[in-house]
Amino acid sequence: MRITILGAAAGGGFPQWNCNCSNCAGVRAGTVRARPRTQSSIFVRPDEGADGVLFNASPDILEQIRASATLQPGRRVRDTAIAGVVLMDGQIDHSTGLFMLRERGSPLPLWCTDPVHDDLAQGNPVLRVLGHFCGVQRERIALDGSTFTVPGVAGLSLRALPLQSKAAPYSPHRDAPVPGDNIGMTVTDTRSGRSLFYAPGLGEIEPAVFDAMAGADLVMVDGTFWTNDEMIRLGLSRKTARDIGHLPQSGPGGMIEWMARLPATTRKALIHINNTNPILDEDSPERAALAAAGIEVTEDRMEISL
Ligand code: HKS
Ligand code: ZN
Ligand code: ZN
């Protein structure tokens with residue numbers, strides 16, 4: 001399979017519009033060696049140039065499509081390589097890009113869990129608004145471990161795993177999480193048997209999550225924060241990373257420790273990286289620590305063949 005990183009940043013992107021932290025100010029001034037990034041989304045297809053699945057619809061989707069010519073093929077006067085969209089949660093940075101796809105000539109095939117569907121029909125009624133345009137053909141993602149396929153994308157099999165993270169702030173059950181608020185996804189190429197585990201928002205590595213990670217050839221998971229108190233120390237929030245559903249990389253029980261327990265053959269990568277995270281600075285000791293641990297930091301327009 002072929003994976004295109006459309007966007008590698010967390011909500012707000014990098015640099016973030018209102019931020020003057022050392023990363024954001026430094027990348028703007030050219031004094032920090034770091035690449036700007038758009039909000040997180042990936043596109044997965046069985047082969048280069050084939051139609052595929054969009055995982056999350058970032059508000060930056062139009063810029064992301066423009067940067068990747070094969071996402072907009074020229075077979076008809078209006079055309080797209082996006083055969084369907086699969087949502088991992090109902091957060092703004094992962095769902096409001098659906099508005100940008102409203103010019104479709106037919107309802108957009110959309111896979112999401114029931115709680116995400118409810119949040120996007122009520123709390124942030126993206127799907128109701130889209131109903132005035134192309135509308136969606138909603139397909140339910142089950143949480144029972146069953147696999148599904150996206151019509152038009154032969155050779156990719158998908159399986160969801162419920163995760164501990166957080167529903168969006170506009171969800172009626174924001175403070176009482178339910179299974180399906182956040183999911184991870186195993187994408188398997190049925191020809192080669194090779195698989196990706198994708199989870200851009202991941203608050204806790206429960207046993208089933210570790211099993212899914214250990215069973216994949218590539219894990220691409222939550223890279224939001226380096227430290228649990230990153231936003232607090234910068235004076236930007238009163239909540240820790242874990243409070244808002246993101247497992248930090250460093251420290252006891254952090255993502256680096258978990259990834260060290262994966263098989264040596266597993267490729268390891270981080271996505272959904274917040275603008276405040278020191279790993280964005282390619283010259284930082286934190287970035288060097290990841291490199292030493294064999295963990296990659298994704299960036300926009302990166303292509304991975306698996
Ligand atoms: C900043 C943001 C931080 C950020 C936080 C979260 C918060 C929110 C919620 C997130 C994200 C970026 N960029 N979505 O101020 O630096 O409370 O659920 O998901 O993408 S979590
Ligand atoms: Zn986010
Ligand atoms: Zn910043």
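Both ligands and their constituent atoms are indexed starting at 1 by order of listing.
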Novice: Hydrophobic clustering (ILVMFWY, side-chain heavy atoms < 4.5 Å, transitive) - are V209 and L247 grouped together?
Specialist: yes
Novice: State the count of protein N/O/S atoms located less than 2.8 Å away from the Zn ion (ligand 2).
Specialist: 2
Novice: Look at ligand 1 and say whether N274 reaches it with a heavy atom at a distance under 4.0 Å.
Specialist: yes
Novice: Linking I/L/V/M/F/W/Y whenever any side-chain heavy atoms sit under 4.5 Å apart, do M302 and I279 land together?
Specialist: no
Novice: Please lay out, stage by stage, how E282 and R35 fare under the test side chain to side chain contact (heavy atoms under 4.5 Å, CB included).
Specialist: CA-CA 9 Å; E282 293 169 30; R35 307 263 174 104; 3.5 Å; yes
Novice: For E48, does the CD atom have more than 12 heavy-atom neighbours from other residues, nucleotides or ligands under 6.0 Å away?
Specialist: no
Novice: For the hydrophobic clusters of this structure (ILVMFWY residues joined by side-chain heavy atoms under 4.5 Å, transitively), does one cluster hold both L163 and I273?
Specialist: yes
Novice: Let's test this: below 2.8 Å, count the protein N/O/S atoms around the Zn ion (ligand 3).
Specialist: 4
Novice: Any ion pair linking D114 and R138 (charged N to carboxylate O, less than 4.0 Å)?
Specialist: yes
Novice: Any salt bridge linking D281 with R287? Criterion: basic side-chain nitrogen under 4.0 Å from a carboxylate oxygen.
Specialist: no
Novice: Please determine whether residues I61 and V126 belong to a single hydrophobic cluster, defined as Ile, Leu, Val, Met, Phe, Trp and Tyr linked transitively by side-chain heavy-atom distances below 4.5 Å.
Specialist: yes
Novice: If we only count N/O pairs under 3.5 Å, is A167 in contact with ligand 1?
Specialist: no
Novice: Ligand 1 versus N275, non-hydrogen atoms closer than 4.0 Å: side chain, backbone, both, neither?
Specialist: side chain
Novice: How many angstroms lie between atom CG of D60 and atom CD1 of I65, to the nearest 0.5 angstrom?
Specialist: 11.5 Å
Novice: Are V85 and F148 co-members of a hydrophobic cluster defined by side-chain heavy atoms under 4.5 Å apart?
Specialist: no
Novice: Does at least one non-hydrogen atom of A168 fall below 4.0 angstrom from an atom of ligand 1?
Specialist: no
Novice: Within a reach of under 6.0 Å around CZ of R78, are more than 12 heavy atoms found that belong to other residues, nucleotides or ligands?
Specialist: no
Novice: Ignoring hydrogens, what is the shortest heavy-atom contact between T113 and G180? Give both atom names and the distance.
Specialist: OG1-O, 2.7 Å
Novice: Going by the atom numbers of ligand 1, which of them fall below 4.0 Å from some non-hydrogen atom of R174?
Specialist: 9 (C), 17 (O), 18 (O)
Novice: Counting both backbone and side chain atoms, is some N or O of T224 under 3.5 Å from an N or O of ligand 1?
Specialist: no
Novice: Just so I know, are the side chains of I205 and M255 near enough to count as touching, which here means a heavy-atom distance under 4.5 Å?
Specialist: yes
Novice: Checking contacts here: is it the side chain or the backbone of Q91 that comes within 4.0 Å of ligand 1, counting heavy atoms only? Could be both or neither.
Specialist: side chain
Novice: Is a side-chain donor-acceptor pair under 3.5 Å present for R45 with T70?
Specialist: yes
Novice: Please determine whether any non-hydrogen atom of Q39 lies less than 4.0 Å from an atom of ligand 1.
Specialist: no
Novice: Any side-chain heavy atom of L270 within less than 4.5 Å of one from M259?
Specialist: yes
Novice: Heavy-atom contacts with M231 under 4.0 Å: which atoms of ligand 1 show up? List them by number with element.
Specialist: 1 (C), 3 (C), 15 (O), 16 (O)
Novice: Which heavy atom of the protein is the closest neighbour of atom 20 (O) of ligand 1, given with residue, atom name and distance?
Specialist: G11 N, 2.5 Å
Novice: Any heavy atom of Q16 sitting closer than 4.0 Å to ligand 1?
Specialist: yes
Novice: Which atoms of ligand 1 have any heavy atom of A10 under 4.0 Å away?
Specialist: 11 (C), 12 (C), 20 (O)
Novice: Evaluate H246 for polar contact with ligand 1, using N/O atom pairs at a separation under 3.5 Å.
Specialist: yes
Novice: Once you restrict to heavy atoms under 4.0 Å, what part of K239 touches ligand 1? Side chain, backbone, both or neither.
Specialist: neither
Novice: Between P278 and W226, which heavy-atom pair has the shortest distance, and what is it?
Specialist: CD-CB, 3.6 Å
Novice: Please list the nearest protein heavy atom to atom 7 (C) of ligand 1 with its residue and the distance rounded to 0.1 Å.
Specialist: I244 CD1, 4.0 Å
Novice: Around atom CZ of R301, are there more than 12 heavy atoms of other residues, nucleotides or ligands at under 6.0 Å?
Specialist: no
